[in-house]
Amino acid sequence: MLLHLCIRNIVLIEALDIEFTGGLSVLTGETGAGKSILLDALGLALGSRADFGLIRANTDKASVTASFDITPGHPVWSLLDDAGIEPSSSLILRRQLRADGKSPAHINDQPVSVQLLRQCGDILVEIQGQFEGRGLLDVSTHLHLLDRASGAAEQLAALAQSWADYRTARNELEACRQAQEQARAEEDWLRDAVNQLDLLAAQPGEEAQLSEERSRHANSTRIAEALQQARQLMENEGGALSATGRALNLLERQHSVAGSLLEPAIDALGRALAELNEAESKISHAGDTLDSDPERLAGIEDRLHSLRAAARKHNIQVDELAELHTKLTAQLAAIDDQSGHLAQLAAAADKARQRYLENAQAVSEIRETAARHIDAAVRAELPPLKLETADFRTSISRLDEDRWGPLGWDRVRFTASTNPGMDMGPVDQIASGGELARFLLALKVVLSENETPKTLIFDEVDSGVGGAVAAAVGARLARLGMATQTLVITHSPQVAGQGQQHLRIVKLNSETGIVSATSVLDNAARIEEIARMLSADRITAEARAAAVNLLGSGR
């Protein structure tokens with residue numbers, strides 16, 4: 001609920017502070033007193049486009065502050081969470097206009113963007129009848145308003161989920177198609193690479209093994225000479241085998257007289273002799289198996305060259321060729337199997353699309369039904385508002401498929417015609433100012449149930465009407481005021497009589513020039529103001545009596 005409005009240096013308003021109450025508040029005053037200026041000022045605090053022409057003459061800045069009483073669970077706090085503004089019992093929107101062309105915005109004394117200020121303003125206040133593109137004139141809200149009136153929350157949730165599922169399935173299918181196209185483009189290269197690696201049949205560790213074998217073949221003569229010399233050294237009369245054997249025989253002959261004294265030495269010599277015999281056997285075997293085949297050496301050289309050339313081609317190490325072979329073979333197999341996987345994804349996407357179409361159709365039918373109820377209810381409100389020849393219709397049309405989304409495929413617009421035979425058109429383009437305000441009043445009365453509480457403001461809703469029609473307008477505004485805070489700028493005494501709070505706007509002469517001032521009227525002052533509205537220049541006793549009667553009927 002709007003609690004307080006503080007305005008400084010806005011056109012005729014030098015300094016103005018207004019306290020608002022709940023229910024229906026009426027603002028009256030003579031033409032030119034500053035009622036529209038007050039709305040312009042409030043619009044600034046709600047994030048409307050900055051109009052620097054509003055800065056009062058001979059001043060360099062203007063400001064507007066609007067304070068609201070907001071519950072901690074109000075939807076506006078979710079919007080403000082990302083801005084780091086925590087819930088509290090009040091919310092203060094502030095906007096400045098500076099002569100240097102800047103218009104900073106603040107919420108609870110924290111600087112914010114004008115866009116965020118406007119988003120908050122749209123949640124907190126709904127202005128009907130003057131501000132283009134706000135309130136019911138914002139066509140982007142019509143679908144939401146219809147859905148809320150339809151009570152189809154469960155079906156809408158199912159629709160949103162089916163859209164998310166369809167979009168996921170469609171994206172997976174498209175990603176698979178793109179991957180397949182890329183793979184197909186590389187298929188010739190891939191098949192050639194796999195064929196070459198098939199023929200190469202590289203094995204892990206093969207390069208090291210071949211390098212060792214190549215070195216052995218290349219140095220076979222030197223190795224054979226070394227083996228021969230080693231064998232001779234061991235087998236000669238003075239060689240290690242002969243000397244070790246003789247030493248062992250000497251000690252063994254003395255073992256019987258020396259007892260255990262010689263056992264460790266005899267054991268060690270026995271082990272040494274066994275090892276030397278083993279070494280001699282290995283030397284003989286190495287000499288027997290040493291291969292110095294030149295053809296084998298050439299074959300090794302060719303194999304190493306092939307392995308290393310393949311590794312350079314693929315920019316990897318030779319030992320990684322086997323792993324690459326496995327990887328490319330798998331990619332090639334995936335291409336051959338891709339058509340089956342692609343068919344599965346296509347089937348899943350078709351199934352998800354069908355679910356979405358079914359849910360979109362169900363929601364669209366619910367909207368059609370709700371629209372007919374709304375249309376009938378609005379039409380019933382029109383005759384008392386002197387719109388008996390007018391018509392109202394909720395237009396539902398289908399969007400192009402590329403614009404479908406989680407809310408379905410429907411475009412919703414509130415349309416109207418003011419005279420029989422006149423084509424239906426957008427309500428804001430068909431109706432005149434006064435007619436538009438009454439159309440919006442009728443629609444607001446119909447749509448007001450189950451709505452998030454917000455302040456409603458009507459401007460010139462009674463334009464061009466009087467008597468019973470003005471009374472009907474006042475009665476409907478009073479009905480809205482019972483459910484939510486409602487403000488109306490009015491020239492109608494019948495409407496003014498319905499208010500629970502009455503504010504009068506007047507122009508005064510001051511030291512700084514003509515200013516606009518607003519005051520809250522008590523009961524006696526209300527009688528005088530309504531009598532003025534009834535009788536214009538000269539307030540008569542009859543006008544006062546009529547004012548008393550209007551105030552009585554408004555309670």
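Just the heavy atoms: all of them, side chains too, but no hydrogens, waters or symmetry mates, feed the values below.
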If you round to the nearest 0.5 Å, how far is CD of Gln155 from CZ of Arg367? 11.0 Å

Answer yes if the side chains of Gln178 and Glu174 hold a donor-acceptor pair under 3.5 Å, and no otherwise. yes

I'd like to know if the side chain of Gln494 pairs up with that of Ser492 as donor and acceptor (distance under 3.5 Å, no hydrogens or angles considered). yes

Can you find a pair of side-chain heavy atoms, one from Leu27 and one from Thr490, that are under 4.5 Å apart? no

Find the distance between CG (Leu173) and CZ (Arg353) and round it off to the nearest 0.5 Å. 12.5 Å

Let's go through Asp410 and Arg398 carefully: what are the C-alpha distance in whole Å and the side-chain angles of both, what is the deciding distance for salt bridge (charged side-chain N to carboxylate O under 4.0 Å, His left out) to 0.1 Å, and is it a yes or a no? CA-CA 5 Å; Asp410 293 323; Arg398 182 172 295 193; 5.6 Å; no

Residues two or more places apart in sequence or in another chain: which of them pass ring-ring contact (aromatic ring centres under 6.0 Å, His included) with Phe392? Phe414

Neighbour count >12 (heavy atoms, 6.0 Å) for atom CG, Asn58: no

Trp409 and Arg403, any side-chain heavy atoms less than 4.5 Å apart: no

Which heavy atom in Ala525 sits nearest to a heavy atom in Asp522, and how many Å separate them? N-OD1, 2.8 Å

Would you say the side-chain atoms of Ser397 and Arg411 include a donor-acceptor pair closer than 3.5 Å? yes

State whether Glu126 and Lys444 are salt-bridged, where the test is any N-O pair (Lys NZ or Arg NE/NH1/NH2 against Asp/Glu carboxylate O) under 4.0 Å. yes

May I ask you to decide if Gly53's main-chain N or O and Asp51's side chain share a donor-acceptor pair within less than 3.5 Å? yes

I'd like to know if the side chain of Gln485 reaches the main chain of Thr455, judged simply by a donor and an acceptor atom lying under 3.5 Å from each other, with no hydrogens or angles considered. no

For residues Ile92 and Thr65, determine if any side-chain heavy atom of one lies less than 4.5 Å from a side-chain heavy atom of the other. yes

State whether Asp375 and Arg372 are salt-bridged, where the test is any N-O pair (Lys NZ or Arg NE/NH1/NH2 against Asp/Glu carboxylate O) under 4.0 Å. yes

Donor-acceptor contact present, side-chain Asn171 to main-chain Arg167, <3.5 Å: yes

What I'd like to find out is whether the side chain of Leu16 reaches to under 4.5 Å of the side chain of Leu5, using heavy atoms alone. no

For atom CD of Glu86, is the number of surrounding heavy atoms from other residues, nucleotides or ligands below 6.0 Å larger than 12? no

I'd like to know if the side chain of Asp165 pairs up with that of Gln161 as donor and acceptor (distance under 3.5 Å, no hydrogens or angles considered). yes

Is there a side-chain contact (heavy atoms from CB on, under 4.5 Å) between Arg118 and Leu46 once you walk through the steps? CA-CA 5 Å; Arg118 181 184 176 102; Leu46 300 177; over 6 Å; no

Do other residues, nucleotides or ligands put more than 12 heavy atoms under 6.0 Å from Asp423 CG? no

I would like to know whether Arg526 and Glu529 meet salt bridge (charged side-chain N to carboxylate O under 4.0 Å, His left out); could you show each step before the answer? CA-CA 5 Å; Arg526 288 191 70 185; Glu529 174 64 7; over 6 Å; no

Please list every donor-acceptor pair under 3.5 Å in which a side-chain atom of residues 96-106 meets a protein atom from a residue at least two apart or in another chain.
| unit_1 | atom_1 | unit_2 | atom_2 | d |
| --- | --- | --- | --- | --- |
| Gln96 | OE1 | Arg98 | NE | 3.4 |
| Gln96 | OE1 | Arg98 | NH2 | 3.3 |
| Asp100 | OD1 | Lys102 | N | 3.1 |

With side-chain contact (heavy atoms from CB on, under 4.5 Å) as the test, would you mind laying out the steps for Leu407 and Leu143 before giving the verdict? CA-CA 9 Å; Leu407 295 177; Leu143 177 64; 3.8 Å; yes

On a heavy-atom basis, which atom in Ala390 and which in Phe439 lie closest, and how many Å separate them? CB-CZ, 3.6 Å

Yes or no on side-chain contact (heavy atoms from CB on, under 4.5 Å) for Val473 and Phe458, after CA distance, side-chain angles and deciding distance? CA-CA 11 Å; Val473 170; Phe458 289 88; over 6 Å; no

One should read off an interatomic distance between Leu456 CG and Leu2 CG, to the nearest 0.5 angstrom, of 12.0 Å

Is it true that a side-chain atom of Thr168 and a backbone atom of Ala164 form a donor plus acceptor pair closer than 3.5 Å? yes

Does this structure show an ion pair linking Arg8 with Asp17, if we count only N-O contacts that are shorter than 4.0 Å? yes

Sub-3.5 Å donor-acceptor pair from the side chain of Arg95 to the main-chain atoms of Ser48, do we have one? yes

For Leu159 and Pro406, the nearest pair of non-hydrogen atoms, with its separation, is CG-O, 3.5 Å

Ignoring hydrogens, what is the shortest heavy-atom contact between Ser535 and Thr540? Give both atom names and the distance. OG-N, 4.1 Å

Would you say the side-chain atoms of Arg479 pair up with the backbone N or O of Ala475, donor to acceptor, closer than 3.5 Å? no

Would you check if Met1 and Phe20 make a side-chain contact, meaning some heavy-atom pair closer than 4.5 Å? no

Main-chain N/O of Glu365 paired to Thr369 side chain as donor or acceptor, under 3.5 Å: yes

Neighbour count above 12 (heavy atom, 6.0 Å) for Met422 CE: yes

Please report the interatomic distance CG(Asp40) to CG(Leu42), rounded to the nearest 0.5 Å. 9.5 Å

Run the side-chain contact (heavy atoms from CB on, under 4.5 Å) check on Val445 and Val378 step by step: do they pass? CA-CA 8 Å; Val445 168; Val378 172; over 6 Å; no

Got Trp163 and Asn359 here, is their nearest side-chain heavy-atom distance under 4.5 Å? no

Can you tell me how far the CG atom of Leu93 sits from the CG atom of Leu124, to the nearest 0.5 Å? 6.0 Å

Okay, side chain of Ser25, backbone of Gly23: is any donor-acceptor separation there less than 3.5 Å? no

Flag, side chain of Lys61 to backbone of Asn9, donor-acceptor distance under 3.5 Å: no

Approximate separation, where rounding is to 0.5 Å, of Thr518 OG1 and Ile7 CD1: 7.5 Å

Side-chain donor/acceptor pairs under 3.5 Å, residues 72-79, sequence neighbours excluded:
| unit_1 | atom_1 | unit_2 | atom_2 | d |
| --- | --- | --- | --- | --- |
| His74 | ND1 | Val76 | N | 3.1 |
| Trp77 | NE1 | Thr71 | O | 2.9 |

Under 3.5 Å: donor-acceptor pair, side chain of Ser417, backbone of Gly425: no

Determine the minimum heavy-atom distance between Val26 and Val495, stating which atoms define it. CG1-O, 3.8 Å

With heavy-atom distances below 4.5 Å as the criterion, would you say the side chains of Leu156 and Asp147 are in contact? yes

With Thr28 as partner, the option from Arg504, His491, Arg532, His502 fulfilling side-chain hydrogen bond (donor to acceptor under 3.5 Å, both in side chains) is His502

Can you give me the closest heavy-atom contact between Cys176 and Leu345, atom names plus distance? CB-CD1, 3.4 Å

Is the shortest side-chain heavy-atom distance between Asp391 and Met424 below 4.5 Å? yes

